Visitor: 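The structure that follows is given in the form of C-alpha cells.
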Amino acid sequence: MNFSDFLAEIPARYELFIALLVIACKVVTIFVRPPAATSKWAPVFQIVSIIALNIGWATNRLQVGKTGLMVPRAQADQARSAVHQAGISVGSKSDAAAKKTP
C-alpha cells in the first residue's frame with residue numbers, strides 16, 4: 001500500500017479535517033523551534049513534523065537534534081570543506097558515499 005492508496009481510503013466526510021490537521025501541524029513546525037534531542041517534547045515534535053508531511057525536500061531546515069547552517073551557494077564548497085576539516089559529519093549523500101569507499 002502506497003501513500004496514494006492510503007489517501008484514497010479516507011472517507012470524504014473526514015478529508016477536510018485531515019487536511020486541517022496537516023495544515024495545523026505544519027504551522028506548528030514553522031513557528032515552534034524544535035526542542036533539544038534530549039527533551040521530553042522531542043518525540044512529540046517529531047510526530048507533529050511527520051503529520052505535517054515534513055519529508056524529503058519539504059523537510060524543515062531546523063530539526064530535533066540538528067541545526068541548519070545557511071551559507072551562500074557560491075560558498076557551499078568552502079563551508080563544506082571547513083566543516084569537514086573540523087571533523088564534523090554533515091550527513092550529506094556525498095559524505096555517505098565517501099564513507100563506503102575504502
Side-chain angles (χ1 to χ4, degrees):
M1 176 182 251
N2 61 29
F3 192 65
S4 298
D5 294 338
F6 173 73
L7 292 177
E9 295 296 322
I10 298 172
R13 65 179 181 253
Y14 298 123
E15 289 175 352
L16 175 64
F17 299 112
I18 292 173
L20 291 175
L21 175 66
V22 170
I23 292 168
C25 288
K26 184 62 177 179
V27 168
V28 168
T29 63
I30 290 170
F31 291 109
V32 176
R33 184 177 180 165
T38 56
S39 170
K40 65 180 180 180
W41 291 103
V44 174
F45 190 86
Q46 288 175 326
I47 291 170
V48 169
S49 185
I50 291 169
I51 293 171
L53 301 177
N54 289 338
I55 52 177
W57 287 101
T59 303
N60 288 359
R61 181 176 57 90
L62 298 177
Q63 300 175 19
V64 173
K66 297 181 182 179
T67 63
L69 178 63
M70 300 295 286
V71 296
R73 189 171 296 274
Q75 297 174 341
D77 290 335
Q78 292 170 330
R80 192 175 294 113
S81 176
V83 169
H84 182 68
Q85 288 176 357
I88 300 170
S89 174
V90 178
S92 68
K93 292 180 184 178
S94 61
D95 290 342
K99 288 179 183 177
K100 289 183 181 178
T101 56

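Please read these numbers as outputs of a predicted model, since none were measured by experiment.
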Visitor: Say you draw a straight line from CZ of F45 to CZ of R33; how long is it, rounded to the nearest 0.5 Å?
Guide: 10.5 Å

Visitor: Applying the 4.5 Å side-chain criterion to the ILVMFWY set and letting contacts propagate, would I47 and L21 be lumped into a single cluster?
Guide: yes

Visitor: At their closest point, which heavy atom of V48 faces which heavy atom of C25, and how far apart are they?
Guide: O-CB, 3.6 Å

Visitor: Just do the side-chain contact (heavy atoms from CB on, under 4.5 Å) check on I30 and K26 with the steps written out, would you?
Guide: CA-CA 6 Å; I30 290 170; K26 184 62 177 179; 4.1 Å; yes

Visitor: Under a 4.5 Å side-chain heavy-atom rule over Ile, Leu, Val, Met, Phe, Trp and Tyr, are I51 and V28 clustered together?
Guide: no

Visitor: Would you compute the distance between atom CD1 of I23 and atom CG of L53 and round it to the nearest 0.5 angstrom?
Guide: 10.5 Å

Visitor: Please name the pair of heavy atoms, one in A42 and one in A37, separated by the smallest distance, quoted to 0.1 Å.
Guide: CB-O, 3.9 Å

Visitor: Transitively linked via ILVMFWY side-chain contacts under 4.5 Å: I18 with I50?
Guide: no

